[in-house]
Participant: 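The structure's right below; bear with me while I get my questions together.
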Amino acid sequence: MDYQFKEIEQKWQQFWAQNQTFKAEDKSAKPKYYVLDMFPYPSGAGLHVGHPLGYIASDIFARYKRLKGFNVLHPMGYDSFGLPAEQYAIQTGQHPAITTEDNIATYRRQLDQIGFSFDWSREVRTSSPDYYKWTQWIFMQLFNSWYDKDADKAQSIDKLVAHFEANGSAGINAVCDDEILTFTADEWKAFSNTQQQEELLKYRLTYLRESTVNWCAALGTVLANDEVKDGFSERGGFPVEQKKMTQWSMRITAYAERLLQGLDTIDWPEPLKEMQRNWIGKSIGASVKFPIAAPPKPSPEGRALNEVSPTGGDLEGAIEVFTTRVDTIFGVTFLVIAPEHELVASLTTPEQKAEIEAYIAQTKKKSELDRMADAKTVSGAFTGSYVLNPLNGEQIPIWIADYVLAGYGTGAVMAVPSGDQRDYLFAKHFNLPIVPIIDIQNIETEADPTKEGKYINSDFINGLTYKEATAAVVAKLEEIGAGKAKVNFRMRDAIFGRQRYWGEPVPVYFKDGLPYLIDESHLPLLLPEIDKYLPTETGEPPLGRAEDWSYRPEGAVEAYPYELSTMPGWAGSSWYWYRYMDAHNDQEFASKEAIEYWKDVDLYIGGSEHATGHLLYSRFWNKFLKDLDLVVEEEPFKKLINQGMIQGQSSFLFRLQDRTDFGNDPETVAHYIANKVIPNYADFKGKPGVVFFDYEVVKQYGLQKNVVELHAPIEVVDNANLNIQEYIEHPIGSGYKDPIFFGANFVFWEGEAFGDGIFKVKHETEKMSKSKWNVVNPDDITRPDGKVIKGVVNLYGADTFRMYEMFLGPVEQSKPWNTNGIEGVFKFLRKFWRLFHNDAWEFGVSDAAPSKAELKSLHKIIKKVEEDIERFSFNTSVSSFMIAVNELTDLKCNNRAVLQDLVIILSPYAPHICEELWSLLGNAEGTLSYAPFPKFNAEYLVEDEFAYPISINGKMKMNLSIPLSLDVKGTEEFVLANADVQKYLDGKAPKKMIVVKGRIVNMVV
RNA sequence: GCUCAGAUGGUGGAACUGGUAGACACGCAGGACUUAAAAUCCUGUUCCCGUAAACGGAGUGCGGGUUCGAUUCCCGCUCUGAGUACCA
């Protein structure tokens, strides 16, 4: 029979499922190997062709490890809480649990089609109560813990309470809030319970903190950063404002140092580790307080000394800065604070008020991108006030500038123009003094950040070296209470709350405004049913709609309200790899025995976009669980491989930036265009609406700065043309339906279309993602107009799809999706199938002894595939398989011994066809997955001759077969004796001769 | 701006430790089989000159360098992609 992939693949997928072929053993004499994939969010768009890239790679590796005799754990599950299901629920009223269930069914069907060797008996879903019970349980452990810096680990909060009772706050060295109280044991005991709880909250590893969110009043909801475009919601184009909110936070900063150190112990791609290092952002330096000089001097000129003594300044009202170069403190000639700094208003003198306000207004308009592009132009404004250098009382002017960010450190910088190029340019531009502070410093044309040489103009550190000076300055600052050595981390505590419905409820209730945990026996705290998935009228999160959403603690008369926010997406994924070890345990998140056996993940494959999110949070929770002796390893993922992204083709259309008042300014370009392209523009004048332009118009009128780029879904775009009717019927476009949809080349007004309707989108290659609306699925899709587009799995089968995704290139490399070469992979599998069949497609193999040439081909591929898999170079082994099959076809090989080994080697890549051939060869069904991987024998590859490339001056001229038995000398003689070589040499002896045995011969003439 | 990664035929890519650049595929061109098409098979395919072929020259983003020999190592530059919180 010809190669019938459909029947074969269906047959074996059923067989594997029925026989639980890939179920991992919990107790085994075999060594364990844990291969993990980043589990997907089951989005409504289905599994796209990018997802399987990593899954195929890990599946090949898992199957290979089974053949190599390991007990392999290779599970899969779903990160099933998340925004899209909720968004869909808001639009349709459909419960997210139902949508999620449907989506999971789709994903499962799609995953099964590709023939993965997952152990489905261990499937997890983060949105299932059996699972999120334990997410809530871990949250409770975090709530009940504090970070003890002396022990360098998390400790039980009971221990802290015991300490407070015995010794008060003295002797506690903890990671905690800034404003903690100092108290004695008696004072502690005298606190009310509420006061005690309030104080403890400042130490807990999860705690309440105020933070800002993107609030969109028109949509009545909080938006994620990527749902906001230039201050407006992407969906609908409504204004978005920043709103303060009290939220749960995780004290991940307590683990900053350990998260940093741990990177040196794990086998991860270096760029990924670098990203985490940068995110953690450790810098060693000092914090320095610059006292604010009492009466501001009218003129900023000169370096006059204030009458106030160095230590006499008001340190309470000081500006604190962090610096990594405290040794340069005598070179400070001005201070720069962020325009958003809280002291700006009070520091601004009446004379400077206008200038400062103008500058702040100018800064607010700038987007972050503009600020970056402007890095070369210096800007800033003088507040009119001064601080004093705490070491010599020198007066230092305070400036504001947008290159200082309020969010980082203290939002203030001490400027040393002689040592820092940015400060240097600033000083030059505003004519501020530049003072050299090191004898060898050259500051003629630019700043010199050297640490070599001796200090000058620097008071008591004159003549010292960098190391001595730093120590001396820090000592002095500490002595006068104006500063101290400090390690600064860039990383902030992670926000752990969402004003959403579809997430884990936080197992907390509030009494007297303070949070308390519910009793552990009441876990899981189930997500309540609500009528609508929107916030309440008063702006409370959706859970505020739930009836009786309150908790009555044991013995209490009154019921108290539950927390209304839910946990963020990363909660469930921060520990899921442990649940796979013991997925059905209802007593613990995983049993001690299971964790002892499986320990950690040996190989983790996933995208680098999770570098600073999931991968950092997971390491944090793992370290916390380790501190509590709940798990055994400090790091959860020993080896990690980044799969590259399969990119998609995105389409864009352009919306005029301002939604409501385009009709009010007749001078704007947009107005002009609208007038030109919309024939009856006067009718629309003054009405609220949205103006869209197509790419041609944007280019033609140079509107790039006036418009916002928006994604158009791939299914409503044909070539580069947007189908406008489909777009406004599409969920993403529905926000524009009412009341008017304007286009550059057409108008939609009161449901009617005007104009020719041609709307060109702009194409770009981008990450494939639902939010970019450019998703391509592996299976069939039905377009809105009913047309069915056949997917690759349907057309060529899973084995071809698996091999093709690998054949595209190195796994870690990103590439846009196309099916240009898939034909070749399919032909290869058919050719492979034919090795086992005669011209009439009848199965038949010979039992004769294999020839030398056949064995050579076989052992070449055994060696190559082993090497390739071990270094995750899957694309090159696909090529090698093609070469092997081409060779064996040329040899007319149908030898059982050779072909059976080849079946085993190929099976991790193309498991279905190999299972079929394996059973046709007479083996027991299903035994292929655990067959022994063929042993490589180097003897079959031994050659006695090698065709040396003969080069002259490094240029290859000819090939010459030379016996490998000859030594270097003998090879030289052999070459020189050759008549063709002599022709090239023109009878002369070469000046020099290089012979690398088995490689090359090169002659210099 | 900063950090990281990358740049090889018409296309995806190979060349693993400095040793025959372009493996393996796609595409394209020509041919065989066929009434025809599909499928399959065969041949060719980096560019330039010549052109029947042998042969010659150039060539791994650009400019230098080290070396008998560089896609690979070093210096400088250009461009592309990813991340980003001007990290003080």
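Note on naming: letters A, B, ... go to the chains in the order of the sequence lines (proteins, then strands), and numbering restarts at 1 for each one. Given the structure is predicted, the values throughout are model-derived calculations rather than measurements.
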Participant: Among B:rG13, B:rG19, B:rC24, which nucleotide has an atom closest to any side-chain atom of A:Ile1000?
Facilitator: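 The nucleotide sitting nearest to the side chain is B:rG19.
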Participant: Which nucleotide in the list B:rU20, B:rG13, B:rC68 gets nearest to the side chain of A:Phe946?
Facilitator: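 Comparing B:rU20, B:rG13, B:rC68 against the side chain of A:Phe946, the answer is B:rU20.
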Participant: Looking only at atom P, what distance separates B:rC47 and B:rA38, rounded to whole Å?
Facilitator: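 The answer is 26 Å between these two P atoms.
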Participant: Going by purine N1 to pyrimidine N3 plus the second Watson-Crick contact, or the G-U wobble pair, all under 3.5 Å, which nucleotide sits opposite B:rA21?
Facilitator: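 None - no nucleotide pairs with B:rA21, as no candidate has both distances under 3.5 Å.
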Participant: Got a second to check how far A:Ser951's OG is from A:Met1003's CE, nearest 0.5 Å?
Facilitator: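 Answer rounded to 0.5 Å: 8.0 Å.
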Participant: Between B:rG12, B:rG13, B:rA39, spot the one nearest the side chain of A:Arg830, thanks.
Facilitator: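 Of the options given, the side chain of A:Arg830 lies nearest B:rA39.
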Participant: Consider the side chain of A:Thr876, meaning its heavy atoms from C-beta on, and name the nucleotide among B:rA15, B:rG83, B:rC68 that approaches it most closely.
Facilitator: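 Closest nucleotide to the A:Thr876 side chain: B:rA15.
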Participant: Over how many whole Å does the gap from A:Lys273 atom NZ to B:rU3 atom C1' extend?
Facilitator: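 Checked: the NZ to C1' distance equals 17 Å.
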Participant: Considering only atom C1', compute the distance from B:rG57 to B:rC73 and round it to an integer number of Å.
Facilitator: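 After rounding to an integer number of Å, I get 28 Å for this pair.
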Participant: Answer with base, sugar-phosphate or nothing: what part of the nucleic acid does A:Lys864 contact at a heavy-atom distance below 4.0 Å?
Facilitator: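 Base contact.
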Participant: Given B:rG12, B:rC68, B:rA88, identify the nucleotide with an atom nearest to the side chain of A:Ile994.
Facilitator: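 The answer is B:rC68, which lies nearest to the side chain.
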Participant: Rounded off to whole Å, could you give me the CZ-to-C1' distance for the A:Phe807 and B:rG12 pair?
Facilitator: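 Rounding to the nearest Å, CZ of A:Phe807 and C1' of B:rG12 are 8 Å apart.
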Participant: Can you find a donor-acceptor pair, distance only, under 3.5 Å between A:Asn820 side chain and B:rC26 base?
Facilitator: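 Answer no: no donor N or O sits under 3.5 Å from an acceptor.
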Participant: Taking atom P in both B:rU51 and B:rU40, what distance in whole Å separates the two?
Facilitator: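 It comes out at 39 Å once rounded to the nearest Å.
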Participant: Taking the C1' atom in each of B:rC75 and B:rU80, what is the distance between them to the nearest angstrom?
Facilitator: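 That atom pair is separated by 22 Å.
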Participant: Taking the P atom of each, how far is B:rG6 from B:rG44, in whole Å?
Facilitator: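 Comparing P positions in B:rG6 and B:rG44 gives a spacing of 35 Å.
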Participant: Whole angstroms only, please: what is the NZ-P distance between A:Lys282 and B:rA88?
Facilitator: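 A:Lys282 atom NZ is separated from B:rA88 atom P by 14 Å.
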Participant: With rounding to whole Å, what would you report as the distance between B:rG64 and B:rG59 at their P atoms?
Facilitator: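 One P to the other, the span is 11 Å.
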Participant: Taking the minimum atom-to-atom distance to the side chain of A:Asn1002, which one of B:rA88, B:rG19, B:rU20 wins?
Facilitator: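 Nearest nucleotide to the side chain: B:rG19.
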Participant: With the 90 degree cut-off around zero defining syn, does B:rG9 come out syn or anti?
Facilitator: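 Judged by the O4'-C1' to base torsion, B:rG9 sits in syn, the angle falling within 90° of 0.
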Participant: Going by purine N1 to pyrimidine N3 plus the second Watson-Crick contact, or the G-U wobble pair, all under 3.5 Å, which nucleotide sits opposite B:rU34?
Facilitator: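 Looking at the geometry, B:rU34 pairs with no nucleotide.
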Participant: On a whole-Å scale, what distance lies between the P atoms belonging to B:rC79 and B:rC24?
Facilitator: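 So the two P atoms sit 37 Å from each other.
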Participant: Measure from CG on A:Asn488 to P on B:rA88 and round the result to the nearest Å.
Facilitator: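 Between P of B:rA88 and CG of A:Asn488: 9 Å.
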Participant: Please name the nucleotide paired to B:rU43 by Watson-Crick or G-U wobble geometry with both distances under 3.5 Å, or report none.
Facilitator: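 WC or wobble partner is B:rA29.
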Participant: In whole Å, what is the span from the CE atom of A:Met993 to the C1' atom of B:rG69?
Facilitator: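 Checked: the CE to C1' distance equals 14 Å.
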Participant: Applying a 3.5 Å limit to both distances, which nucleotide forms a Watson-Crick or G-U wobble pair with B:rU66?
Facilitator: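 Result: none.
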Participant: What's the closest nucleotide to the A:Val413 side chain, out of B:rG57, B:rA88, B:rU20?
Facilitator: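 Of all the options, the side chain of A:Val413 is nearest to B:rA88.
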Participant: Where each residue is assigned the nucleotide of RNA chain B containing its nearest heavy atom, which of A:Tyr948 and A:Asn886 is assigned the position nearer the 5′ end?
Facilitator: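 Going by which nucleotide is closer to the 5' end, it is A:Tyr948.
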Participant: Closest approach to the side chain of A:Glu823, judged atom by atom: which nucleotide of B:rG69, B:rC26, B:rA88 is it?
Facilitator: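 Within the option list, the nearest is B:rC26.
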Participant: What's the closest nucleotide to the A:Lys827 side chain, out of B:rC26, B:rA88, B:rA23?
Facilitator: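 The answer is B:rC26, which lies nearest to the side chain.
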Participant: Taking the same atom, C1', in B:rU67 and in B:rU8, what whole-Å distance lies between them?
Facilitator: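 Rounded to whole Å, the distance is 22 Å.
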Participant: So if I take every side-chain heavy atom of A:Met956 and compare against B:rG19, B:rA15, B:rA21, which nucleotide ends up nearest?
Facilitator: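 Nearest nucleotide to the side chain: B:rA21.
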Participant: Does B:rC4 pair with anything, Watson-Crick or G-U wobble, both distances under 3.5 Å, and if so, with which nucleotide?
Facilitator: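 Base-paired to B:rG81.
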Participant: Donor-acceptor check, side chain of A:Tyr948 to backbone of A:Gly998, threshold 3.5 angstrom: yes or no?
Facilitator: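 Indeed, once roles are kept as given, a pair shorter than 3.5 Å links the two residues.
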Participant: Using 0.5 Å steps for rounding, measure from the CZ atom of A:Phe330 to the CD1 atom of A:Ile437.
Facilitator: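 So the gap between those two atoms works out to 10.0 Å.
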Participant: Can you tell me how far the CH2 atom of A:Trp833 sits from the CH2 atom of A:Trp841, to the nearest 0.5 Å?
Facilitator: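 Going from the CH2 atom of A:Trp833 to the CH2 atom of A:Trp841 covers 8.5 Å.
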Participant: Find which nucleotide of RNA chain B each of A:Met275 and A:Ile883 is nearest to by heavy atoms, and output the residue with the more 5' nucleotide.
Facilitator: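 The answer here is A:Ile883.
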Participant: State, yes or no, whether a side-chain contact exists between A:Leu640 and A:Pro269 at a heavy-atom distance under 4.5 Å.
Facilitator: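 Side-chain contact under 4.5 Å: yes.
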Participant: What's the spacing between A:Asn488 CG and A:Lys486 NZ if we round to 0.5 Å?
Facilitator: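 Going from CG on A:Asn488 over to NZ on A:Lys486, the span is 5.5 Å.
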Participant: Between A:Arg619 and A:Leu259, is there a donor-acceptor pair closer than 3.5 Å when you use the side chain of the first and the backbone of the second?
Facilitator: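 Checked: pair present.
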Participant: Considering just the side-chain nitrogens and oxygens of A:Gln813, establish if one lies under 4.0 Å of OP1 or OP2 belonging to B:rG13.
Facilitator: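 So the side chain of A:Gln813 is within the cut-off, an N or O lying under 4.0 Å from OP1 or OP2 of B:rG13.
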